[in-house]
Visitor: 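The following block contains the structure, expressed as structure tokens.
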2 protein chains.
Amino acid sequence: MSSDPPGFELPLRLFLGFRVLIDELHAELARQGHPDMRPMHGFVFQAIGVDGTTAAELGRRLGVSKQAAGKTVDALERLGYVERGSDPHDARRKVVRLTEHGVDSLVRSARIFDELRARWAETLGEERLRALEADLRKVTPPDAFPLDVPGWFGGH
Amino acid sequence: MSSDPPGFELPLRLFLGFRVLIDELHAELARQGHPDMRPMHGFVFQAIGVDGTTAAELGRRLGVSKQAAGKTVDALERLGYVERGSDPHDARRKVVRLTEHGVDSLVRSARIFDELRARWAETLGEERLRALEADLRKVTPPDAFPLDVPGWFGGH
DNA sequence: CTATTTCGGCAACCACGTTGTCTAATTTAA
DNA sequence: TTAAATTAGACAACGTGGTTGCCGAAATAG
């Protein structure tokens, strides 16, 4: 009889799969005019959303302090991915919005992820890939995606 | 007919699965006398190995500079997980070895990972879990596990 | 024996997170 | 309506963990 694989292989394969996809995404993004994007940025853009948000709200969504979120916005602003605007209804708020360049990176990311999934479907078969996704949904929290990735791994 | 899931769900589910396992590992490790262990440490311990290694070699395995590896060793030494020894054959080398406490954390980690895998097997069924592992092996590099995780995500 | 390489440590610097404090603006309560 | 509490954003100081550059000591190649 064959024995079970050691338990530590599972998390490593999951992370490795994630890493392969993210690395290929950013290699392709670099080819398509986004060489400055980093793995973390995609999560930040998702947290900003198409309607924009504020630094404080962004910090809550990312699970970091508002100061850290503000610094991240500074960096993304320098790279031209986001811009700050004023909120006419609340003079305290400075709304962070994706620029055209930032939206472009989101659109391209979505298309590249679809292409990468199609490649996995070629390797595994569409049915197996759907089963894999279904199984992962069963063992992961269903509600929201965790956007506090930056602080989670490196933190304290 | 049902359409394909969007491609971006796959990497997020993979990362989420990884994160769930790592979080549960460290919650259990904290209960078992290792409250100071952090997600990164397991990778570092694997890179050190049972025979020990040097700071320079550790840096190469982790994909960071020897100075960074040395600082990591300093921190783990303060926590009591590793100790430095001298190499009688090479007075330059200072061999880093896991302490009894460090080995204990590795042994417990392995057992906890096995238990977590068993729980996934209860949820998904052993066959589906094996299929999931087999599929992940097909789409990830087969050879070595990437131990340069610390610098990969955060790095500029 | 000399030259080159390698190891470990030190210093300076940078990226990116933290907490604390401050001002201004808004909201809530008396 | 006025006073108090909350919230947004910025600034400073600090901690961690990475980087590069440099150094002396030890091993190795010629």
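Convention: sequence-line order gives letters A, B, ...; per-chain numbering from 1.
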Visitor: Just N and O in the side chain of Arg38(A): are any of them under 4.0 Å from OP1 or OP2 of dC16(C)?
Guide: no
Visitor: Is there a residue in residues 48-59 of chain B whose heavy atoms reach under 4.0 Å of DNA chain D, and which residues are they?
Guide: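 Nothing qualifies; none.
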Visitor: Expressed as a whole number of angstroms, how long is the span from Lys66(B):NZ to dA11(C):P?
Guide: 16 Å
Visitor: Side-chain donor-acceptor contacts of residues 63-72 of chain A below 3.5 Å, not counting sequence neighbours, with atom names and distances?
Guide:
unit_1   : atom_1 : unit_2   : atom_2 : d
Ser65(A) : OG     : Ala68(A) : N      : 3.2
Thr72(A) : OG1    : Ala68(A) : O      : 3.1

Visitor: Taking atom types as modelled, find out whether Arg93(B) and Thr54(B) have a side-chain donor-acceptor pair closer than 3.5 angstrom.
Guide: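 No, no side-chain donor-acceptor pair sits under 3.5 Å.
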Visitor: Could you tell me whether the side chain of Thr53(B) and the main chain of Gly49(B) form a donor-acceptor pair under 3.5 Å?
Guide: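 It does not hold such a pair.
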Visitor: Is it true that Glu77(A) and Arg84(A) have a side-chain N and a carboxylate O under 4.0 angstrom from each other?
Guide: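 Between Arg84(A) and Glu77(A) there is a salt bridge, with a charged N closer than 4.0 Å to a carboxylate O.
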Visitor: Name all residues meeting the ring-ring contact (aromatic ring centres under 6.0 Å, His included) criterion together with Phe8(B); count only those two or more places apart in sequence or in a different chain, and write none if there are none.
Guide: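 For Phe8(B) there are no ring-ring contact (aromatic ring centres under 6.0 Å, His included) partners, ignoring immediate neighbours.
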Visitor: Can you list every ring-ring contact (aromatic ring centres under 6.0 Å, His included) pair that touches residues 48-79 of chain B, not counting sequence neighbours?
Guide: none
Visitor: Measure from the side chain of Lys71(B), starting at C-beta and using heavy atoms only, and say which of dA11(C), dT21(C), dA12(C) lies closest.
Guide: dA12(C)
Visitor: Considering residues at least two apart in sequence or located in another chain, which fulfil the side chain to side chain donor-acceptor pair (under 3.5 Å) criterion with His34(A)?
Guide: Tyr81(A), His101(A), Asp104(A)
Visitor: Quick one: list whatever passes side-chain contact (heavy atoms from CB on, under 4.5 Å) with Arg31(B), sequence neighbours left out.
Guide: Ala27(B), Glu28(B)
Visitor: With distance as the sole criterion, do the side chain of Gln67(B) and the base of dG21(D) form a donor-acceptor contact below 3.5 Å?
Guide: yes
Visitor: The criterion is side chain to side chain donor-acceptor pair (under 3.5 Å); which residues satisfy it with Glu115(B), sequence neighbours excluded?
Guide: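 Glu115(B) satisfies side chain to side chain donor-acceptor pair (under 3.5 Å) with no other residue.
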Visitor: Report for the helix from dC1(C)-dG30(D) to dA30(C)-dT1(D): angle between first-end and last-end helix axes, five pairs each, rounded to 10 degrees.
Guide: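 That helix has its two terminal axes inclined by roughly 20°.
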Visitor: Between the side chains of Arg60(B) and Glu57(B), is the shortest nitrogen-to-carboxylate-oxygen separation below 4.0 Å, so that they form an ion pair?
Guide: yes
Visitor: Near DNA chain C, which residues from residues 73-82 of chain A have a heavy atom under 4.0 Å away?
Guide: none
Visitor: Would you call Glu126(B)-Arg117(B) a salt bridge at under 4.0 Å N-O?
Guide: yes
Visitor: With sequence neighbours excluded, what pairs up with Arg128(B) under the side chain to side chain donor-acceptor pair (under 3.5 Å) test?
Guide: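 Counting only residues at least two positions away or on another chain, Arg128(B) forms a side chain to side chain donor-acceptor pair (under 3.5 Å) with Asp135(A).
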Visitor: Could you list the residues that satisfy side-chain contact (heavy atoms from CB on, under 4.5 Å) with Leu98(B), not counting sequence neighbours?
Guide: Phe45(B), Ile48(B), Val82(B), Val103(B), Leu106(B)
Visitor: Can you tell me if the side-chain N/O atoms of Ser65(B) get under 4.0 Å from OP1 or OP2 in dG18(D)?
Guide: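 Answer is no, no contact under 4.0 Å.
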Visitor: Would you jot down, in residue-number order, the residues of residues 84-95 of chain A having a non-hydrogen atom under 4.0 Å from DNA chain C?
Guide: Asp90(A), Ala91(A), Arg92(A)
